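Everything quoted here is computed from the prediction, not taken from an experiment.
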Amino acid sequence: MKKVTLKSPFGGMTHWLYQRFTALFMIAYLVIILFYFISYTFTYESWVNFMSPLWMRLVTSIFFVFMIIHAWIGAVSYTHLTLPTSDLV
């Protein structure tokens, strides 16, 4: 029997931690965006100025990567997707 530890990148506990970390990051990002919408007058120019710094573009890109990872882990755990190893040989 294979022992799965927290150091295993594909273990169940690690998936759970990945999903919680990505959820916390996405919540923090969405709070920043909502704060912007509530605090400032929303125009195209203000949105471009808000999204133009490099750090904001990087954080937005990371948000979408984390969203894909979060959705993938959720879909895999929901459907209990496993690869048949006997068919790969």
Side-chain angles (χ1 to χ4, degrees):
M1 177 184 241
K2 181 181 176 185
K3 182 179 178 183
V4 178
T5 62
L6 187 59
K7 295 180 182 179
S8 173
F10 303 110
M13 182 64 170
T14 310
H15 279 174
W16 185 84
L17 287 173
Y18 288 161
Q19 196 166 35
R20 295 316 177 261
F21 174 73
T22 57
L24 289 175
F25 181 86
M26 290 187 300
I27 288 171
Y29 179 83
L30 291 175
V31 166
I32 291 169
I33 297 296
L34 287 174
F35 178 76
Y36 174 77
F37 279 131
I38 293 169
S39 300
Y40 299 103
T41 305
F42 182 71
T43 62
Y44 175 75
E45 292 81 19
S46 66
W47 182 254
V48 169
N49 289 335
F50 179 67
M51 296 300 283
S52 63
L54 179 62
W55 69 269
M56 191 61 186
R57 288 186 277 166
L58 289 174
V59 169
T60 302
S61 298
I62 292 169
F63 170 82
F64 285 108
V65 169
F66 279 2
M67 186 175 61
I68 291 168
I69 292 170
H70 185 87
W72 178 258
I73 292 172
V76 167
S77 66
Y78 180 74
T79 59
H80 305 288
L81 179 65
T82 57
L83 295 174
T85 55
S86 60
D87 294 340
L88 295 177
V89 178

Q.
Hydrophobic cluster membership, with links at side-chain heavy-atom distances under 4.5 Å among I/L/V/M/F/W/Y: are V65 and I62 in one?
A.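 Yes, it is one cluster - the side chains of V65 and I62 are joined through contacts under 4.5 Å.
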Q. Among the clusters formed by ILVMFWY side chains lying less than 4.5 Å apart, do Y18 and L24 turn up in the same one?
A.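 No, Y18 and L24 fall in different hydrophobic clusters.
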Q) Is the number of heavy atoms from other residues, nucleotides or ligands under 6.0 Å of F64 CZ greater than 12? A)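 No, the 6.0 Å shell around CZ holds no more than 12 heavy atoms from other groups.
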Q | Linked hydrophobic residues, V31 as query - side chain contacts closer than 4.5 Å | A |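 Answer for V31: I27.
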When the side chains of residues 47-55 are checked against the rest of the protein, which donor-acceptor pairs come out under 3.5 Å, sequence neighbours left out?
unit_1	atom_1	unit_2	atom_2	d
N49	ND2	E45	O	3.2
S52	OG	V48	O	3.3
S52	OG	N49	O	3.1

(Q) Checking L30 now: which residues fulfil side-chain contact (heavy atoms from CB on, under 4.5 Å) with it, not counting sequence neighbours? (A)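 Partners of L30 under the side-chain contact (heavy atoms from CB on, under 4.5 Å) test: F63.
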(Q) Test of understanding: with side-chain contact (heavy atoms from CB on, under 4.5 Å), list the residues that count as partners of S61, not counting sequence neighbours. (A)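 S61: no side-chain contact (heavy atoms from CB on, under 4.5 Å) contacts found.
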Q. Taking only residues two or more places apart in sequence or in another chain, which ones pass ring-ring contact (aromatic ring centres under 6.0 Å, His included) with F21?
A.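 For F21 the ring-ring contact (aromatic ring centres under 6.0 Å, His included) partners, ignoring immediate neighbours, are F66.
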Q) Rounded to the nearest 0.5 Å, what separation is found between the NE2 atom of H70 and the CD1 atom of I68? A)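 Interatomic distance, H70 NE2 to I68 CD1, rounded to 0.5 Å: 12.5 Å.
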Q. Between H15 and I73, what is the shortest heavy-atom contact and its length?
A.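 Looking at all heavy atoms of both residues, the shortest contact is O-CG2, 3.9 Å.
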Q: Would you mind listing every side chain to side chain donor-acceptor pair (under 3.5 Å) that reaches into residues 28-39, with sequence neighbours excluded?
A: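 For residues 28-39: Y29-T60, Y36-S46.
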